Number of protein chains: 2
Amino acid sequence: MKISDLKAEQLEHASNMLKAIAHPVRIAILSHLEDGKKLTVTQIYELLNIEQSTTSHHLGILKDKGVLLSQREGKNTYYYLKHSSLFSIINCVSKVTMEGF
Amino acid sequence: MKISDLKAEQLEHASNMLKAIAHPVRIAILSHLEDGKKLTVTQIYELLNIEQSTTSHHLGILKDKGVLLSQREGKNTYYYLKHSSLFSIINCVSKVTMEGF
DNA sequence: ATGATATATTTGCATATTCACATATAAATT
DNA sequence: AATTTATATGTGAATATGCAAATATATCAT
């Protein structure tokens with residue numbers, strides 16, 4: 001099936017999901033969540049070397065737009081990918097990016 | 001290879017490309033350019049039933065960010081996909097979107 | 001060469017959204 | 001109450017968006 005079969009609502013949905021991941025920091029976050037990994041806010045901002053509040057903000061965006069899920073365990077909140085099929089998109093993006101254009 | 005292997009420059013590039021397509025109108029435009037099709041500004045704005053200047057604006061964005069190429073033939077400008085591998089991304093998006101979440 | 005027409009691009013405007021940072025606040029644990 | 005971890009708020013700046021109008025480009029007839 002082709003994307004032209006999508007209705008306006010679906011285009012909006014696809015657009016929102018793409019917006020969610022269309023930022024270098026959020027792409028980097030997702031890259032660390034491959035293979036079903038779950039990471040805390042602290043782990044992520046230390047890995048990426050950015051502001052703690054900036055990290056939480058981006059995680060909030062990804063969660064709000066249905067890309068990530070979260071799970072509080074004591075003081076820590078673990079974030080993980082909601083759908084493994086998102087890897088498909090990210091892998092496609094990396095493939096196209098590596099082709100260099 | 002994983003997206004975590006990407007360098008900052010590549011994350012930026014991937015992000016820009018995703019930003020380029022992360023809009024309902026631009027997704028709809030791309031959907032009509034599958035299978036190597038080439039369309040004019042007039043064909044596109046009539047297909048999508050939107051303002052002529054809005055269409056030209058979005059086409060400009062897609063061209064500027066390296067998603068589309070254009071080719072003037074007389075009064076008409078034909079737009080087409082720069083890399084067929086972009087279909088991969090769009091097809092992944094439609095797949096994930098159709099899974100409905 | 002000029003004016004008219006068709007097609008496309010650009011400009012200006014107002015509005016909305018996004019972003020990073022610093023700080024404040026909230027929640028959980030000790 | 002103090003500490004650790006996380007979320008929310010405010011701010012200023014940057015970016016994105018649609019529309020209407022203006023401008024540019026190409027073609028055609030005169």
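Keep in mind that what you see is a predicted model, and the values were worked out from it rather than measured. Order of the sequence lines fixes the chain letters, A, B, ..., with proteins taken first and strands second; residue numbering starts at 1 for each chain.
When heavy atoms are screened at a 4.0 angstrom cut-off, Thr77(B) is found touching the sugar-phosphate backbone but no base atom. Among the heavy atoms of the strands, none lies under 4.0 Å from His57(A). Among the protein residues, Thr40(A) comes within range of the sugar-phosphate backbone only, with heavy atoms under 4.0 Å from sugar or phosphate atoms but none that close to a base. In this structure, Tyr79(B) reaches the sugar-phosphate backbone alone: every heavy-atom distance under 4.0 Å involves primed, P, OP1 or OP2 atoms, never a base. Within the nucleic acid shown, Ser53(A) comes within 4.0 Å of at least one base atom, counting heavy atoms only. Backbone-only engagement by Thr42(A) is indicated by non-hydrogen atom pairs under 4.0 Å involving sugar-phosphate atoms exclusively.
Closest to the side chain of Val25(B), from the set dA6(D), dA16(D), dG18(D), is dG18(D). Taking the side chain of Arg72(B) as heavy atoms from C-beta on, and the options dT4(D), dT7(C), dA20(D), the nearest nucleotide is dT7(C). Side-chain proximity of Lys19(B) to the nucleotides dT9(C), dT7(D), dA16(D) is greatest for dA16(D). Of all nucleotides listed (dT17(D), dT7(D), dA20(C)), dA20(C) comes nearest to the side chain of His58(A).
Distance CD1 (Ile61(B)) to C1' (dT17(C)): 14 Å, rounded to an integer number of Å. One atom, CG of Asp64(A), and another, P of dA8(D), lie 8 Å apart when rounded to the nearest Å. As a whole-Å value, the separation of Leu68(B) CG from dT9(C) P is 11 Å.
The side chain of Tyr45(A) contributes no N or O atom lying less than 4.0 Å from OP1 or OP2 of dT7(D). Put simply, Ser56(B) has a side-chain N or O that comes within less than 4.0 Å of OP1 or OP2 on dT9(C). Residue Asn76(A) has a polar side-chain atom (N or O) positioned under 4.0 Å from OP1 or OP2 of dA6(D).
The residue from Leu30(A), Leu62(A), Leu69(A) that alone fulfils the side chain to side chain contact (heavy atoms under 4.5 Å, CB included) condition with Leu81(A) is Leu30(A).
A single hydrophobic cluster is seen to contain both Leu48(A) and Val41(A), as judged by linkage of ILVMFWY side chains at heavy-atom distances under 4.5 Å, directly or through other members.
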Are Tyr79(B) and Gln71(B) close enough, and set up right, to give a side-chain contact (heavy atoms from CB on, under 4.5 Å), and what steps lead you there? CA-CA 7 Å; Tyr79(B) 284 89; Gln71(B) 180 185 348; over 6 Å; no
Apply side-chain contact (heavy atoms from CB on, under 4.5 Å) to Ile21(A) and Arg26(A), showing your working. CA-CA 6 Å; Ile21(A) 66 181; Arg26(A) 294 199 289 276; 5.6 Å; no
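Nearest-nucleotide assignment on DNA chain C puts the 5′-proximal partner with Val41(B), out of Val41(B) and Lys75(A).
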